[in-house]
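Below you'll find the structure, written out as structure tokens, and then a few comments.
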Amino acid sequence: MLRNSLIAVGLVAATSAWLSLDTYAQRHGFFINRSPSLPNWAYYFERGKAVKRGEVAFFAPPSNALVHAHFGAEPPVFGKIVYGLPGDIVSHRGADVIVSWAAGADNEAPSEQLVAKLKPLSSTGEALEPGPTGVIPNGCYYMGSPHPDGFDSRYAAIGFVCTKQIVGVSKWSLL
């Protein structure tokens, strides 16, 4: 009788532990960065976390010919820095891409930031169309990288990244 009770308690404990780990795994992930566009090589992220300026977020890229040519028919998740939030303004001044924003609720002063430089051609010679300009729509973000060859919101093939594309937001990274 004692043996059966211990087995039952063990099974309940193991099931509870498994369910807890499964729930945790559904909300968190690990991203290995294989691109020079981000400074760190690995990131631990959380799904459903609010997106904030300056954080690294991970998203499913859009499905188009340029993305498929460089990353395959099922491209991996992209990781980029959140430079622009809904309501911010993206503009192009020559090859410069600028994100401007008004004073925010978090005592954020109005500002503008040079976030990227446009290139006319990809590293393999394809024409690159400049990305969207104007007010970033609700639920969307400007995602970028300081890398000169970054493939991000500066180009139309990526454009603004919207909430439905977001996989998660970095909690911490490894160097």
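Worth saying up front: this structure is predicted, and the values here are computed from it rather than measured. For the numbers below, each heavy atom of this structure counts, side chains included, while hydrogens, waters and symmetry mates do not.
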Checklist entry - Can you check whether Val56 reaches Tyr43 side chain to side chain, under 4.5 Å on heavy atoms? => result yes

Next on the checklist: Ring centres under 6.0 Å, that's the criterion: do Tyr141 and Phe59 meet it?
Outcome noted: no

Checklist entry - Can you tell me how far the CG atom of Leu85 sits from the NZ atom of Lys52, to the nearest 0.5 Å? => result 11.0 Å

Item to check | CD1-CD1 distance between Ile89 and Ile136, expressed to the nearest 0.5 angstrom | outcome: 9.0 Å

Next on the checklist: Applying side chain to side chain contact (heavy atoms under 4.5 Å, CB included), can you list everything that pairs with Val77, at least two apart in sequence or on another chain?
Outcome noted: Phe31, Phe58, Val167

Checklist entry - Are any of the side-chain heavy atoms of Pro146 and Ile81 separated by less than 4.5 Å? => result yes

Checklist entry - Who pairs with Lys117 by side chain to side chain donor-acceptor pair (under 3.5 Å), at least two apart in sequence or on another chain? => result Asp96

Checklist entry - With sequence neighbours excluded, what pairs up with Glu129 under the side chain to side chain donor-acceptor pair (under 3.5 Å) test? => result none

Item to check | side-chain hydrogen bond (donor to acceptor under 3.5 Å, both in side chains): pairs with one or both residues in residues 75-95, sequence neighbours excluded | outcome: Ser37-Lys80, Arg53-Asp88, Arg93-Glu112

Checklist entry - Under 3.5 Å, is there a donor-acceptor pair between the side chain of Arg154 and the main chain of Val115? => result no

Checklist entry - Where the side chain of Tyr142 meets the backbone of Ile98, is there a donor-acceptor pair that is under 3.5 Å apart? => result no

Item to check | Sub-4.5 Å side-chain heavy-atom contact between Pro62 and Ile158 | outcome: yes

Checklist entry - Of all heavy-atom pairs between Gly84 and Val99, which one has the smallest distance, and what is that distance? => result CA-CG1, 3.9 Å

Next on the checklist: Less than 3.5 Å apart, any donor N or O on the side chain of Thr124 or Glu126 sitting next to an acceptor on the other?
Outcome noted: yes

Next on the checklist: Could you tell me if the side chain of Pro61 sits less than 4.5 Å from the side chain of Phe71, heavy atoms only?
Outcome noted: no

Checklist entry - Donor-acceptor pair, Ser153 side chain versus Gly159 backbone, under 3.5 Å? => result yes

Next on the checklist: Quick check: do Val161 and Val82 have side-chain heavy atoms less than 4.5 Å from each other?
Outcome noted: no

Item to check | Nearest non-hydrogen partners of Gly72 and Pro75, listed with the distance | outcome: O-CD, 3.5 Å

Checklist outcome for this item: Residues pairing under disulfide bond (SG atoms under 2.5 Å apart) where one sits in residues 108-147, two or more places apart or in two chains, turn out to be Cys140-Cys162

Next on the checklist: Testing the basics here: between Gly134 and Phe160, what is the closest heavy-atom pair and its distance to 0.1 Å?
Outcome noted: O-CZ, 4.5 Å

Checklist entry - What residues form a side chain to side chain contact (heavy atoms under 4.5 Å, CB included) with Lys49, not counting sequence neighbours? => result Glu46, Glu55, Val169

Checklist outcome for this item: Closest non-hydrogen atoms of Pro130 and Leu118, given as atom of the first, atom of the second and distance, are CB-CD1, 4.0 Å

